[in-house]
Protein chains: 2
Amino acid sequence: MITLAEVQAFCTVARAASTPHALLQAVEEITAAMGFRYFALVHHIDLLNPGSTAVRLVSYPRDWVDAFEEGRLYAADPIHRASHTTTIGFAWSKVEAMISLHPRDHAVLAAARSAGLGDGFTIPAHVPGEVNGSCSFAMREGEDLNEEQLPLVQLVGSFAFEAARKIARATIAPIAAAPQLTERQIECVALVARGKTDWEIAKILGVGAETVTQHLKDARDRYGVTKRTMLAIRALFDGAISFTDILR
Amino acid sequence: MITLAEVQAFCTVARAASTPHALLQAVEEITAAMGFRYFALVHHIDLLNPGSTAVRLVSYPRDWVDAFEEGRLYAADPIHRASHTTTIGFAWSKVEAMISLHPRDHAVLAAARSAGLGDGFTIPAHVPGEVNGSCSFAMREGEDLNEEQLPLVQLVGSFAFEAARKIARATIAPIAAAPQLTERQIECVALVARGKTDWEIAKILGVGAETVTQHLKDARDRYGVTKRTMLAIRALFDGAISFTDILR
DNA sequence: TATGTTATCCCCAGAACTGGGGAGGGATCG
DNA sequence: CGATCCCTCCCCAGTTCTGGGGATAACATA
């Protein structure tokens, strides 16, 4: 069982780390201290993309890393998907309660098990306008998570990710600087996201249809997209609109 | 100085809380136990919006809450802005190092101080596709933060926010059970979400354009929606596709 | 064997979106 | 006062979606 003091010490070391290697070492040490065997500290993007400068520190079994990359699973991994639905850490055994699993997802999880991964704990890391990431710690198969210390594991994960983010920040190209939409544009986009046509939006807002078309034209321009679908999704992604605005 | 055991106890209580009131009480207690005077657990959106189902638990000085709402500061608050740039908690005194402050921001901070707020600590809470949020704890003016326990404060903030999020979500009528899309349909929807036309998707998948149109027709039927924008957003919401698939 | 699901392809007509162009009024800020 | 931004409205041509109606073949399953 790790102590709070150890976590704080790790936090200090991680904050001071200026190279991926230094951070890797610190994370390796604390991973072992917490009783885990493996960890993965990653941004959820195409790991095969050669231009990628994202965060990536991994100590998973070689077999699994290979399978993961060759199968391009970074896009399909149910653990990653689950991490997009919460702000706090979660045990992998609880994933089924968080998202609905496709047969394909079960296959991914089975593949991970057969590569030697047991249960694990993943701490999500989201920053609006940046690619999402997470920090995961895993046991060998058959070993059990120590429920008691999961809060501390979450702290470690958060600090580790932030440290990695700080190191990589200079080189990561943001998806795009989030442009600011005007109030009217946001209202229109929110209604677009609810499947309304320009004409319907115009009726709802009490303006002419041409005006709505114009607002959406401007909004598309700001995001540099050409389709209203992309517009809605980009606005969703950086928080200009939210699911709670849309689904009621 | 609060202990880890107390944090864990709070976590259990918060997780079990089913009403805003129950959570409020728990947060109030632990706020005092941590040596803070005030807290604010909020989604960063228009607090005046009556239809809002957002998280909002606040115990700030009355003066400040009023000023905040009347001035519509939720959009401009530098603390909120700063919370959009990180994944871990930060002391308000460090905000200047995180974002550049306009004269207007200094005015906001000065207003907070004159309402009786001293230094504080804010834990960001982001979930892709939801409005951003944060959990803040504040001292009275003149009192100092206890640096030692900030990691634990961060844990409390995270757990509190997630609990509030869970409660807020439960009060919303649950969306119709997520229909399963076929693999091909999901591929098409993922590409729709990236702004592709049917013709482009057909080229990418190596099939006829009519086929793509058909897949999307079927997918729309399953979700019971009539617009591809809604289709993409619904698929995003229940995890059939993820931002990771889209923004790459 | 019958049934259901999935994936593939085809046609068409009307509705909706997109990207160009333009214009006037009001507010704010230096 | 000029510059800039925001909101409002208008026209047009071309592209794209959407909702109908079909079809065939492969595959699993009952």
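Proteins get letters first, then strands, A, B, ... in listed order; numbering begins at 1 in each. Just so it is clear, the model here is predicted, and its values are computed rather than measured.
- As rounded to whole Å, 17 Å separates atom P of D/dT16 from atom CE of A/M230.
- Listed nucleotides D/dC7, D/dT16, D/dG19 differ in distance to A/E183; the shortest reach to its side chain belongs to D/dC7.
- The interatomic distance linking A/D218 (CG) with D/dC10 (C1') rounds to 15 Å, in whole Å.
- In terms of modelled atom types and a separation under 3.5 Å, the side chain of B/R113 and the main chain of B/E141 share no donor-acceptor contact.
- The distance between atom CG of B/D198 and atom C1' of D/dG19, rounded to the nearest whole Å, is 13 Å.
- Among the heavy atoms of the strands lying under 4.0 Å from A/K227 are primed sugar atoms or P, OP1, OP2 only; no base atom is included.
- Across the protein-nucleic acid pair, A/K217 atom NZ and D/dC5 atom P stand 19 Å apart, rounded to whole Å.
- Protein atom CD of B/E210 is 12 Å distant from nucleotide atom C1' of D/dG21, rounded to whole Å.
- A side-chain donor-acceptor contact under 3.5 Å links A/T213 to the backbone of A/A209.
- B/H215 contributes no side-chain N or O that, together with a main-chain N or O of B/V189, makes up a donor-acceptor pair within less than 3.5 Å.
- When DNA chain C is scanned 5' to 3' for any atom under 4.0 Å from a heavy atom of chain B, the first and last hits are C/dT6 to C/dC11.
- In this structure, CG of B/D221 is placed 11 Å from P of D/dG21, rounded to the nearest angstrom.
- No engagement by B/Q185 is indicated, since no non-hydrogen atom pair under 4.0 Å with the nucleic acid exists.
- When the nearest nucleotides of DNA chain C are assigned to A/T226 and B/T182 by heavy-atom distance, the more 5′-ward of the two goes with B/T182.
- Here the side chain of A/H215 is nearest to one of D/dT18, D/dC7, D/dG21, namely D/dC7.
- Here B/R228 reaches the OP1 or OP2 of D/dC17: one of its side-chain N or O atoms lies under 4.0 Å away.
- The backbone N or O of A/L231 sits nowhere less than 3.5 Å from a side-chain atom of A/R220 that would complete a donor-acceptor pair.
- Under a 3.5 Å cut-off, the side chain of B/T86 and the backbone N or O of B/S83 do not form any donor-acceptor pair.
- D/dC6 atom P lies 10 Å from atom CG of A/L181, rounded to whole Å.
- Note on B/D198 versus B/R228: salt bridge recorded, some NZ/NE/NH1/NH2 to OD/OE distance being below 4.0 Å.
- For the pair A/R184 and A/E187, the salt-bridge criterion is met [side-chain N within less than 4.0 Å of a carboxylate O].
- One atom, CD1 of A/I186, and another, P of D/dC6, lie 11 Å apart when rounded to the nearest Å.
- Among the protein residues, A/T197 comes within range of the sugar-phosphate backbone only, with heavy atoms under 4.0 Å from sugar or phosphate atoms but none that close to a base.
- Each end of the helix from C/dT1-D/dA30 to C/dG30-D/dC1 yields a helix axis from five base pairs, and these two axes differ in direction by 60° (to the nearest 10 degrees).
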Query raised in the report: side-chain contact (heavy atoms from CB on, under 4.5 Å) between B/L117 and B/Y38: does it pass, once the steps are laid out?
Result: CA-CA 8 Å; B/L117 283 173; B/Y38 308 115; 3.3 Å; yes

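- Take A/S93 and apply the side-chain contact (heavy atoms from CB on, under 4.5 Å) test, not counting sequence neighbours, and it matches A/A91, A/D119.
- Taking the charged nitrogens against the carboxylate oxygens, B/E162 and B/R165 do have a contact shorter than 4.0 Å, which makes a salt bridge.
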